[in-house]
Every structure is written in structure tokens, then in C-alpha cells.
Amino acid sequence: MKQPNMLRAKFVSFSLVCLFAVALLSQTSPAPSTTNPESQPQPSNRDAATQGAPAASFDQVIDRAIVREHFFIAQMRQLHPLVETYLQNLRDDKELNMTVPASDLYFLGRLDMSNGTDDRTFTSPTTGGLGKRMLSKLSNVYTMKFLPLGFAQMVIMDEDFQRKFYDFTFVRREFLGEVRCIVLDVAPKKDAGKGRFLGRIWVEDQDYNIVRFNGTYYPHPRSSYYLHFDSWRLNMRPGLWLPAFVYSEESDLKYRIGQTIHYKAQTRLWGYNLKDLRRSSEFTDITVDAPQPVQDQSQKSQDASPIEAQRAWERQAEINVIDRLQQIGLIAPEGEIDKVLQTVVNNVMITNNLDIQPEVHCRVLLTTPLESFTIGHTIVMSRGMVDVLPDEASLAMVLTHELAHIVLGHKLDTKLAFNDRMFFPDERTFERMDFGRDKGEEEAADKKALELINNSPYKDKMATPGLFLKAVQTRAPALKNLIRPHLGDSLLNGDAIRMSPLMTASPAFDIKKTDQVAALPLGGRVRVDPWTNRLELIKAKPVTLNSPAEKMPFEVTPFSPFLTRLATQVPATASSAAPAAATRPAAAAAPSTAGGAAPETTSPTPSPGSSTAPDTAAPAATPPATTPSAPDKSPPEKSPQTPSAP
């Protein structure tokens, strides 16, 4: 096994507050305004009748939304989800007549709002291209760099959200999924302070929680820039909406004469309920059948043979690692997608007459970078890898390569069988754990994998996997952080690409052909439940592409979740514990797959300082049975409004 690489991600501590910075050294931009928490209005203890009654006026809608937003912030101070941001800088390709990625950045950390917006990060400044070390080497004072400063804070509209700071304008009523919302434009009043939210909010019309906000912060300081973003929350517990997705994009942010920033980024949050996840894994299916002592039911008790003892020891190391990664929130609990992966592996094993003991299992790493690796007899593939693979044969290619490591007896370091090896802070996971293979093992696994594929049901379906590898090779120079692994192996091994013989038998890669889909956009396959970390396959209908630009292989796209509501119960106080468990919510619908479904195994402008609204708020409505209806613009008395330009 290869030694840990200095380029691998490590955990260090730094603030996570979302801004752009123009600086030579570690200049920090102001965050959205905050005040003393004691001065913030606290959620009121309303009786059940008041909680369930619709707001009688537009003013009541605003007041309730403000109260619920402060309750939300109080809840977030008690929660510590994982936060992942993946960003792609873009450029115009005149030859292809489309926008393509030019470079990328990746951040991963755990959000901590107990003392403001902060982060314990999984990725280092060296790996992410950020931080004081990177900034100190800049030779140009006016070079624009992304700092991990705005992407976490985009989950908070304003920590001091109060009516006295804002003007509110009613726009319309609109369904987001099955949740009916009141849409409002929000603009900061004059002299409200820097870093106030400017944009549009969606307030669900039962408990008046803000479930989406779209805009930026205003005004920005002279030395920094606020980014535009579209932030979504999901109903994860009754009455509790928590951040799940943030999409950010700039196409013409000017920071220097003749220089603009053009990028798009996805931020995902998950791991809200890791405490319960750990508890459930420790106490699963414990039953007591009778008061008498438990007796061995085997016909003959005996010690394990030396081979059995060695296998058990290796298995103990495997279990220790898998359990630790699941407790941190990096590996998803066993579920539907594991079974899909397992079916593909079984197809290869059966046709090759493989009988491997202990049995081979499959699990999913919840992160975006494309990587796969083995932990003992467990094959692990990242969510990002599952997302971008175009078909089942491509999935088989990646899984068979890892299966080959197991067949060849490439071992896990059994020092991990000692449980004290797992006693380290979450932030040091990428430093303490490394499951990558050396060059020799990778080459041997490639050779063996090709043999296994030639005896499998996928042997005549390797054209698309070959195209996928060509797409990886083409985009790798621009997407180094997407291709770079954090725990396992990359699709690129130096200058060589994994399973490269498959590329010679595949058609020529042509990004201009709409009927040639070599790889999907990120988010095309997998839906993550941010509360439980469980995964589901997105069963999207095939989409006919209008142009080659819609193929977007390996690219970031906006989020468009189908919102659902669990219940109407509202937690009473901000200090109360998390609400009781309820039915798992539907997570975000990822971007439509570019050309295929999931693989099947076998107006007027308001004047500053004004508010425009209907006389009464909309009563609760029955949600649509299937797809969301068109925005309901009745009975607004005015056309949809947007805030005045600053």
C-alpha cells in the first residue's frame, strides 16, 4: 500500500464564511451583519390554535416568517452537518461554441454555528488551493481568489433578520413541489448595514418557514465581493426546515479592468443526525428470548483454524474502518444503491465462477470527487462516481477493477484491527486513512479486471465505458480536484488512465455529438437524505438533448428539489431537543440525466423603503396530486415585483 501523499486532503481549522476576497495576504471580508443574540427576538410559545391558523394579513406573514427564521438559527447552532462545496471556474470555448470548465476547487468540512459560522475542515489549504499559505504566495495584489468564506454562510439569510432592516413586497403564490409558498421580494432599507440579504424568499404557508431564498448580500465592502446564490431547505423533521442545497453562480463579476469571474458551484449539507445513526448501529436487533443462559447451537464447538482466524482478523480491521467512516458521515448506511452495486458485482463473480470468502460487499462514499477503493472485502465508490457514470456497463468497469484487487489478495493493513487506531478527531480522517494502491497493484488489477470482464455479461458492452474514460482524460487537466481522490484511487494513475485498453476499442470521443453521452452531470443518479444519510437512485425519465452544450459531462448544475412537508407540528422553543422522528423526507431531485434514466440492473419596481402586499395572506391550499401547478398569481393586485436596483 502506498504511503500517504502530501497532496491528499488533511483536516485543518479555518473559518468558513462565504465571500470573494481581493487580497495579497489573509484579508477577511465582512460577513452578513450580526448583533448580540440577546437582542434577537425569541420564538414565541403559541397555542395549537394559533400555530395552525393561517395568517390574517401580509404583516402577519412577515412577522411569523421572522420568528421562524430566528428559531431556525437557534436550531442550527445545535447542529453540526457536513458541508461540501464543489466549484468550477468556466471559460468560453469558441471552437466548441459552449462554456466549459477551466479549473475547479473543492471544500469539505463540518459546519459549526455555535459561535457564528465556522467550520472544521476535512480538506487542507494545500489541497484546496486556499488559505493563508496559498494567498501568501500571490504576486499580484489584484488577483481574485475564492476563499472558503461565503459558501457555508449561504445557508443563513441574515443572522439578525428583523423587520426594521427590510422592505417586503408580495410577488405571488407558488408551489415548490407539493409545498405551497408565499413569494416575497426582500430589499434592505437604507442604512440597514452591510451584508444584508437582497433578493427573493419563499415562505411555506402553514408554519411560515423560509424554505428557499435567492439573491445576494448587499452592500459589499470595497475590498471584497458577495456572491449570488440559490439556497434550499428541506423539511427533515416536523416543522423543522434545514439547509440541504446551495447553488452559486457568477457569469460577469468584474474585479479588474478587463477581468471577470465566471464560475458555478454546488454546496451540499448532510449528516444532521449522526448521533442517532451511531446509536442505532450499536443497538440493532437486540432481543432476549429466554431467561436461561445462551448456549452454542452448533454440533461441535471448536477454535477457528489459522486461516479462519486470519480472515476474522482482517475482517475486524474492515469493520472498524467502515463503522468509523459511517459514524463520521462519510459513508452512507447500507441501502438501495448498495444492492444495485452488489448485483453488478455478483454478475461478474458468477460468470467467472468466483467464490470469495468472506463475502464481497459494496458501500457508497458520500462525497463528490471521483474515486473508488477497497477496504478489505468491501468495495467503496464515491457518490460523485455513481452520479457521472453513463450506464451499467461503466459501473461494472469500475466495480470489476476493485473486485480484481480482492481476487488478487491485495490486503488492508491489519493494524486497523486495533480499535484504538480509530480514536482520532473527525478532522484528521483523510490524514489517518489511506486506501490507495501503488502503481504495481493498480496495473495488476487492471489486467485481472479485463480478464473478468471478458467472461462477464458486460464483455460486449465496453464501448461506452471506453468513451467514459476518454471523457475523463479530456477533462482531467481542468478538473483536478474532481479527479483527485481523498481516501482511495483515482481514475488516473500518473499519466496513465485506469483500464486504458478499453479506450482503444471505443468510438472517437466527440463532445459535439448529442447522441454520444460519455458522462453525466454531477447529481444525475443519487439522492441523499441529509438527515439520515441514506441514498436513493433518481429514477429520471430520459431527456432529449437540444444541443451539445446540454451534455455537461462532470459539470455542476443548479438544484431543483421537489419539496414535501412531513407534518404541521411546530417545535415549541428554540432550546428544545430535535423533534421526534418522522417519515423520511424526499431529498432534492438532481439534474435530469443527459440522455438516459438510472441504470437498471438485470414588472413595476417598488420604491426604496416601501412594501407592497395584498390585504390578506393566502389560506392554506391542497397541494397538487402529481406535478406542481403553474405559479398562482391571483389575487395579487400588482404584477410580480422585484427590488429596486441598489
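In this text the structure is predicted, and so the values were computed from the model without any measurement.
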Ignoring hydrogens and geometry beyond distance, is a side-chain donor-acceptor pair present between [X] and [Y] at under 3.5 Å?
X	Y	answer
Asn346	Thr343	no
Gln327	Asp323	no
Thr374	Arg437	yes

Examine distances only and state if a side-chain atom of [X] and a backbone atom of [Y] form a donor-acceptor pair shorter than 3.5 Å.
X	Y	answer
Gln266	Thr557	yes
Glu371	His486	yes
Asn235	Arg237	yes
Arg64	Tyr208	no
Asn533	Ala332	no
Ser382	Pro369	yes
Glu204	Asn209	yes

How about [X] and [Y]: do any of their side-chain heavy atoms sit closer than 4.5 Å?
X	Y	answer
Arg268	Leu366	no
Leu395	Met381	yes
Trp241	Leu563	yes
Tyr86	Leu479	yes
Leu330	Leu82	yes
Met154	Asp230	no
Thr85	Val246	no

Once you measure the plane-to-plane angle for [X] and [Y], does it fall in the parallel (<30°), tilted (30-60°) or perpendicular (>60°) bin?
X	Y	answer
Tyr217	Phe229	tilted
Trp313	Phe418	perpendicular
Phe245	Phe559	tilted

Tell me whether the count of non-hydrogen atoms from other residues, nucleotides or ligands lying under 6.0 Å of CD in Glu336 goes above 12.
yes
Minimum heavy-atom distance between [X] and [Y], given as atom pair plus value:
X	Y	result
Thr367	Leu108	CG2-CD2, 4.0 Å
Asp413	Ala317	O-CB, 4.3 Å
Cys362	Leu341	CB-CB, 3.7 Å
Phe468	Pro390	CD1-CD, 3.9 Å
Met433	Val321	SD-CG1, 4.1 Å
Ser560	Trp232	CA-CZ2, 4.5 Å

How far apart are the C-alpha atoms of Glu84 and Arg383, what are their side-chain angles, what is the distance that settles it, and do they pass the salt bridge (charged side-chain N to carboxylate O under 4.0 Å, His left out) test?
CA-CA 12 Å; Glu84 178 194 63; Arg383 172 189 53 77; 3.0 Å; yes
Start with the C-alpha gap between Leu227 and Tyr263, add the side-chain angles, then the distance that decides, and say whether side chain to side chain contact (heavy atoms under 4.5 Å, CB included) holds.
CA-CA 10 Å; Leu227 310 178; Tyr263 83 94; 3.2 Å; yes
Under 6.0 Å from the six-membered ring centre of Trp202 and within 45° of its axis: does the NZ or CZ of Arg212 meet both?
yes
Against Thr378, only a single residue in His361, Arg363, Glu318 fulfils side-chain hydrogen bond (donor to acceptor under 3.5 Å, both in side chains); can you say which?
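Of His361, Arg363, Glu318, side-chain hydrogen bond (donor to acceptor under 3.5 Å, both in side chains) with Thr378 is met by Glu318 alone.
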Any salt bridge between [X] and [Y], counting N to O under 4.0 Å?
X	Y	answer
Glu69	Arg233	yes
Glu314	Arg311	no
Arg534	Asp529	no

Should Arg525 and Leu389 be marked as a side chain to side chain contact (heavy atoms under 4.5 Å, CB included) after you check the CA-CA gap, both sets of side-chain angles, and the distance that decides it?
CA-CA 9 Å; Arg525 295 289 191 208; Leu389 291 170; 5.7 Å; no
Go through Ile337 and Val526 one step at a time and tell me if the side chain to side chain contact (heavy atoms under 4.5 Å, CB included) criterion holds.
CA-CA 8 Å; Ile337 295 183; Val526 180; 3.7 Å; yes
Evaluation steps, side chain to side chain contact (heavy atoms under 4.5 Å, CB included), between Leu482 and Tyr106
CA-CA 8 Å; Leu482 183 64; Tyr106 180 76; over 6 Å; no
